[in-house]
Amino acid sequence: MSRAARTPRRATNRDPLVGTQVELHVERVATGGVCVGRLDGRVVFVRHALPGERVRAIVTDGATGSFLRADAVEVLGAPAAGRVSAPCPHARPGGCGGCDWQHAELGTQRALKAEIVREQMHRLAHLDVDVRVEPLPDVAGADGPGLGWRTRVQFGVKPDGSLGLRRSRSHSLERVEDCPLAHARIRSLEPGRHTWPGAAEAELIASPEDLAVVVTPSKRGAEAQMPDLGRGVALLRGDGKGGAEAVRGRPGVREHAIERTWRVSGSGFWQVHPAAADLFCAVVLELLQPRTGEHALDLYSGVGLFAGALAGPLGAGGRVETIESDVGAVADARFNLAEEPSVVVREGRVEDVLKRSGLRSVELVVLDPPRAGAGADVVRWIASLTPRAVAYVSCDPASLARDVDRFAGLGYSLTRLRAFDAFPMTQHVECIALLTPGPA
């Protein structure tokens, strides 16, 4: 890195070190896409660094008083063995906050993520696990390995109508005309060459069959001007809460996984890496080993992906019940699973529906909760149903570890754990855990 790297925006606190340059020895990786250094006894969380390096860094935040945050702007001495030049000019101190590890080669990124998973499991679940982060296939049309996989990109819109991506730990936007992590079909629209007056956000979505843009106005009731991105691109007006209505074209996109087509409306949830949905379904089936005639629950079920994967192996005598709180996703699930008579789709918060369901037992559970995890109440309900196997899909190692510890207190142990690099260049990692009754 050069000394000319841009100084990040000064944080809104009065710690005298904020804005100053310091020299740090970087010790280890920490959660959040940072590494740990120390300055006069205070922990410093450093972005754009790698373990073992000595760096010059600009302190960007000290609001808590107990620790500091900083951006490394120069490596002093030999760089770490895994350091590479970032493929995107916006992946720099003070720039876009979407990518945490562009300065590390992919093998190093996966090793760092595996260390985070192990550390969270040790600290929060009191388990020592042996895990490696497995790669997903490279994406056709990408500029290189680890790029071109993001089939959903949510841009913010600056006051002048230009697109941007959020800076790290900030609401401010870095103007970005082109993102190398975006899928080639999204990049082909050249969204950064257009202006988006009156919009707060613009989400671009690419599926194997469709292209869609969800534009959210900057003010309730206001109209946002939607640029003409060409024939075949659906335009939707977002409501800022995940819902959207069609302005032109389809109200969503068609996705493909497990040899079927799935309707995903508006900004509904779907795995952003093109290979993820098929892979995660295969892993869940491998872990659960569903048997004909069994009863399964799919919790936080979205548009019904895992329920659809389970329905076939369970057969006509089996049963899958899904629970999802998002109204749009429930509507999509009912559409997607209409030809699966063994699947029952339920709407509501998972804990509320479980309480009133009258269920006494099930054989299998798959859950894919939001980043905060399932939580103590849902874990207790699952354990009370005495399933023989639980597949827990998680995008956050810390919340997964907390819930694994809760399961342990109720007689369920972590039997297997796999981790996947579904979000290269970022701090994020997807884990799928198998929990079964009995001691580890």
Side-chain angles (χ1 to χ4, degrees), residues 28-35 45-50 82 86-88 90-91 95-121 123-124 129 131-139 142 145-155 165-170 176 179-183 186 203 205 267 269-277 279-280 283 300 302 305 367-374 392-404 417-433:
R28 58 180 176 82
V29 67
T31 189
V34 298
C35 293
F45 294 115
V46 192
R47 296 188 83 233
H48 305 286
L50 291 174
C88 175
H90 299 286
C96 175
C99 292
D100 309 284
W101 298 118
Q102 282 200 24
H103 59 288
E105 59 92 19
L106 286 169
T108 299
Q109 293 181 32
R110 293 171 191 142
L112 294 172
K113 294 179 185 185
E115 182 60 29
I116 291 297
V117 175
R118 287 191 289 266
E119 191 271 337
Q120 296 296 322
M121 283 293 169
R123 184 171 66 89
L124 298 173
V129 299
V131 64
R132 72 179 185 91
V133 174
E134 304 172 42
L136 270 65
D138 291 332
V139 179
L147 303 175
W149 52 267
R150 185 172 281 282
T151 58
R152 284 164 165 73
V153 183
Q154 189 173 68
F155 292 95
L165 294 172
R166 306 249 178 243
R167 297 187 174 106
S168 177
R169 302 179 60 81
S170 174
V176 176
C179 172
L181 266 63
H183 193 276
I186 290 177
E203 181 178 9
I205 305 168
S267 297
F269 174 77
W270 187 262
Q271 291 288 345
V272 294
H273 194 293
L279 175 60
F280 296 165
V283 173
Y300 312 94
L305 177 66
L367 66 157
D368 186 2
R371 190 169 301 280
Y392 192 134
V393 184
S394 171
C395 60
D396 186 85
S399 61
L400 172 63
R402 281 190 290 267
D403 284 342
V404 165
L417 177 64
R418 294 181 68 181
F420 300 93
D421 194 17
F423 317 95
M425 308 294 175
T426 78
Q427 62 168 301
H428 303 295
V429 57
E430 195 85 1
C431 295
I432 305 181

S.K.: Check whether D403 reaches the backbone of A374 with its side chain - one donor and one acceptor, N or O, closer than 3.5 Å.
M.R.: yes
S.K.: Any side-chain heavy atom of H273 within less than 4.5 Å of one from E430?
M.R.: no
S.K.: Provide the closest heavy-atom pair for L112 versus L50 in the form atom of the first, atom of the second, distance.
M.R.: CD1-CD2, 4.0 Å
S.K.: Give the minimum heavy-atom separation between D100 and G33, together with the two atoms involved.
M.R.: CB-CA, 3.8 Å
S.K.: CD of E119 to CZ of R28: how many Å apart, nearest 0.5 Å?
M.R.: 6.5 Å
S.K.: Determine the minimum heavy-atom distance between C431 and V117, stating which atoms define it.
M.R.: SG-CG2, 4.0 Å
S.K.: Can you name the closest pair of heavy atoms from L147 and P87 and give their distance?
M.R.: CD2-CG, 4.2 Å
S.K.: Could you tell me whether a side-chain N or O of Q102 sits under 3.5 Å from a main-chain N or O of C88, the two making a donor and an acceptor?
M.R.: yes
S.K.: Distance check, rounded to the nearest 0.5 Å: I186 atom CD1 versus F155 atom CZ?
M.R.: 7.5 Å
S.K.: Checking R118 side chain against V131 main chain: does a donor-acceptor pair fall under 3.5 Å?
M.R.: yes
S.K.: What is the minimum heavy-atom distance between P274 and T151, and which atoms define it?
M.R.: CG-CG2, 3.8 Å
S.K.: Could you tell me if the side chain of L305 sits less than 4.5 Å from the side chain of W270, heavy atoms only?
M.R.: yes
S.K.: Anything under 30° is parallel, anything over 60° is perpendicular, the rest tilted; go ahead and classify W149 against F423.
M.R.: perpendicular
S.K.: Heavy atoms, side chains only, cut-off 4.5 Å: are M425 and L106 in contact?
M.R.: yes
S.K.: Any donor and acceptor pair, going by atom type alone, linking the side chain of K113 with main-chain N or O of H428 inside 3.5 Å?
M.R.: yes
S.K.: After noting the C-alpha distance and the side-chain angles of V283 and R418, does the key distance pass the side chain to side chain contact (heavy atoms under 4.5 Å, CB included) rule?
M.R.: CA-CA 9 Å; V283 173; R418 294 181 68 181; 3.7 Å; yes
S.K.: Flag the pair L279 / L136 as yes when at least one side-chain heavy-atom distance between them is below 4.5 Å, and no otherwise.
M.R.: yes
S.K.: When you measure from the side chain of R150 to the backbone of V272, do you find a donor-acceptor pair of N or O atoms at a distance under 3.5 Å?
M.R.: no
S.K.: Using 0.5 Å steps for rounding, measure from the CD atom of E134 to the CZ atom of R110.
M.R.: 10.5 Å
S.K.: So, for F280 and I432, which heavy atoms are closest and what is the spacing to 0.1 Å?
M.R.: CD2-CD1, 3.9 Å
S.K.: Would you mind reporting whether T31 and P397 have side-chain heavy atoms less than 4.5 Å apart?
M.R.: no
S.K.: Heavy-atom distance under 4.5 Å between the side chains of Q120 and L400, does that happen here?
M.R.: no
